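What you are looking at is a predicted structure, and each value in this text was computed from that prediction instead of being measured.
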Amino acid sequence: MRPSGWLLLTQLSICCALGASAVLYVHYLNPADSEFCGLRSGCEAVRRSGLSYFFGSRFVSLPLFALLAFGGLLALSLRPSAGRPPSGRVTGLAASWRRPELSLFAASGIGAILALALIAYQLLVIGEYCWLCLIVNGATLVAAASAFSLARSLRASGNEPSGATVSSPLRAAAWAAIAGLLVAAPLVWNAIRPPAAVPSRIQALYAPDKINVVEFADFECPFCRRLHHVLGPLVTEYGDQVNFRRAHRPLDQHPNAHTAARAALCAEAQGRGEPMADRLFSVELSPEAITRAAEAVRLDPAGFDACMGSEQISERLVEDAALLPDEELQGLPTTYVGSQRFIGVPSEVALRDAFERAKRPPARGPSGPLYVAVLGILIGLVCFFGRRRH
């Protein structure tokens, strides 16, 4: 392959890594509202590891550093003197800087070492793989290999004494535009994407002209407890505008969750469902604590005891589980607000925005395939008008 071909392959690999890093960054900003990775995915396992965030900020994450690194690597590949030897005899770091193909190989080589380390970390420490991370890491390895081949082919072709340059088929401005589109595309999509269709069995619980909220929760789930203190005040604030339904999904790994769910439903039968839920979300659950909670909200003891063993409550739990079957359960809590779905604990701002949106007819954004097609057309136009004319 010609040196220009190796340079093009290097730049394409860098852009691939840049685009995947942008998708990861959007997911890391708000995983509960991201459709790129599920909360049970390898991406989430990696995100929750100790390498994900820095300085205690969700905005400063590993994908952000990857974006900066690949942006710098792409800029390095665009130096117009690629392949031109320096005047005089220069060695060491100075030679690497003045010979762009050498500095490009050195920088991408460091990236390749880090990529192999991250792959090993996922395999040996986390035990799960992030598919987006593998795209980034794989593209980094390809970029390093092609940068090495570029430097070797230049040396083998005897280009050193000729002083000729090696350039990509696209101008630098075109590469910058492509990089900008790849970075902006996930951010824009997250803002304009159409809401996922709410399953009909959940829509059946909705009331007309209301802010419909359906929450799937487990009283012993720590994230469900956190969500309760965010969602509860909003439901109270909006009052009669809200049609709220809590569907119970007690998980088998939580020993007291099933008993707590039955207790909440029995309290609901006596008109004390929300006060009981407030208690159950706030105390350390045990059979004794559940009994004390029933006493604290002044449930009728005889009626409560009879209800706890009733078949009617068992049937209600089966119905709630059927609303969100195991094959569709991506994590708890799962909350539907109108046409929006949240998995995990969204911010109060995100929930309030969903409440306001639920007052209006659902917005219609472009479909995913249409969005990708438009993005592809834009990149194609950039390539067409940004190509070098020899």
Side-chain angles (χ1 to χ4, degrees), residues 9-74 76 104-148 179 182-183 185-187 189-190 221-223 251 253 326-332 334 342-346 368 372:
L9 181 58
T10 303
Q11 292 169 325
L12 290 174
S13 301
I14 294 170
C15 285
C16 179
L18 195 66
S21 297
V23 173
L24 272 172
Y25 184 63
V26 170
H27 176 70
Y28 276 45
L29 283 177
N30 194 355
D33 191 35
S34 166
E35 64 174 21
F36 298 116
C37 300
L39 291 183
R40 290 184 173 182
S41 66
C43 300
E44 269 298 283
V46 174
R47 186 188 69 82
R48 292 172 182 169
S49 69
L51 293 179
S52 299
Y53 297 97
F54 304 90
F55 310 116
S57 171
R58 69 187 180 95
F59 296 100
V60 185
S61 60
L62 188 60
L64 175 62
F65 288 112
L67 283 172
L68 296 174
F70 290 117
L73 201 59
L74 183 62
L76 188 60
L104 179 61
F105 168 57
S108 59
I110 293 172
I113 294 171
L114 293 174
L116 289 172
L118 289 172
I119 292 173
Y121 182 79
Q122 292 179 62
L123 173 64
L124 301 176
V125 179
I126 301 176
E128 293 190 59
Y129 283 111
C130 163
W131 67 274
L132 285 167
C133 299
L134 290 180
I135 291 176
V136 174
N137 296 331
T140 305
L141 294 175
V142 173
S146 53
F148 169 74
L182 291 174
V183 171
L187 291 166
W189 173 249
N190 219 39
C221 159
F223 299 104
L251 302 177
Q253 61 263 38
D326 289 343
E327 60 270 17
E328 297 180 17
L329 178 62
Q330 296 186 37
L332 289 179
T334 294
F342 297 96
I343 301 174
V345 187
V372 172

Student: Any side-chain heavy atom of Val46 sitting closer than 4.5 Å to one from Tyr129?
Tutor: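 No; the side chains remain at least 4.5 Å from each other.
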Student: Considering non-hydrogen atoms only, spot the tightest contact between Ile135 and Cys16 and give its length.
Tutor: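 That would be CG2-SG, 3.9 Å.
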Student: Which pair of heavy atoms, one from Val142 and one from Ser13, lies closest together, and at what distance?
Tutor: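 For Val142 and Ser13, the tightest heavy-atom pair comes out as CG1-OG, 3.1 Å.
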Student: At their closest point, which heavy atom of Val345 faces which heavy atom of Phe223, and how far apart are they?
Tutor: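 Closest approach of Val345 to Phe223, heavy atoms only: CG2-O, 3.3 Å.
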Student: Can you check whether Leu24 reaches Cys130 side chain to side chain, under 4.5 Å on heavy atoms?
Tutor: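 They are in contact (side-chain heavy atoms under 4.5 Å apart), so the answer is yes.
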Student: For the pair Phe54 and Phe65, name the ring-plane relationship: parallel under 30°, tilted 30 to 60°, perpendicular over 60°.
Tutor: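 Taking Phe65 first and then Phe54, their aromatic rings stand perpendicular (interplane angle over 60°).
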Student: Looking only at heavy atoms, which two atoms of Ala45 and Glu128 are closest? And how far apart?
Tutor: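 Distance-wise, the nearest heavy atoms are CB-OE2, 3.7 Å.
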Student: Any non-hydrogen side-chain atom of Gln122 less than 4.5 Å from a side-chain atom of Asn137?
Tutor: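 They are in contact (side-chain heavy atoms under 4.5 Å apart), so the answer is yes.
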Student: Roughly how far, to the nearest 0.5 Å, is CG of Leu73 from CG of Leu18?
Tutor: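 One finds 10.0 Å between CG of Leu18 and CG of Leu73.
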Student: Rounded at 0.5 Å granularity, tell me how far NE2 in His27 sits from OG in Ser61.
Tutor: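 Between atom NE2 of His27 and atom OG of Ser61 there are 10.5 Å.
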Student: Within this structure, what is the OG-CD1 distance for the pair Ser49 and Ile126, rounded to the nearest 0.5 Å?
Tutor: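 With rounding to 0.5 Å, OG (Ser49) is 4.0 Å from CD1 (Ile126).
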Student: What are the two closest non-hydrogen atoms of Leu187 and Val183, and how far apart are they?
Tutor: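 For Leu187 versus Val183, the nearest heavy atoms are CD1-O, 3.9 Å.
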Student: Heavy atoms, side chains only, cut-off 4.5 Å: are Leu182 and Cys15 in contact?
Tutor: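 Yes, their side chains come closer than 4.5 Å.
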Student: Could you tell me whether a side-chain N or O of Tyr53 sits under 3.5 Å from a main-chain N or O of Tyr28, the two making a donor and an acceptor?
Tutor: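 Indeed, once roles are kept as given, a pair shorter than 3.5 Å links the two residues.
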Student: Please tabulate, for the side chains in residues 105-118, all donor-acceptor contacts under 3.5 angstrom to protein atoms that are two or more places apart in sequence or on a different chain.
Tutor:
residue, atom, partner, partner atom, Å
Ser108, OG, Leu104, O, 2.8
Ser108, OG, Phe105, O, 3.1

Student: What is the minimum heavy-atom distance between Ala20 and Leu132, and which atoms define it?
Tutor: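 Shortest heavy-atom contact: CB-O, 4.1 Å.
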Student: Atom CD1 of Ile14 and atom CG of Leu9: how far apart are they, to the nearest 0.5 Å?
Tutor: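 Interatomic distance, Ile14 CD1 to Leu9 CG, rounded to 0.5 Å: 10.0 Å.
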Student: For the pair Ser52 (side chain) and Leu62 (backbone), establish whether a donor and an acceptor sit closer than 3.5 Å, ignoring hydrogens and angles.
Tutor: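 Side chain of Ser52 to backbone of Leu62, a donor-acceptor pair under 3.5 Å: no, none is there.
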Student: Is there side-chain contact between Phe59 and Tyr25, with at least one heavy-atom pair below 4.5 Å?
Tutor: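 With C-beta onward as the side chain, the pair touches.
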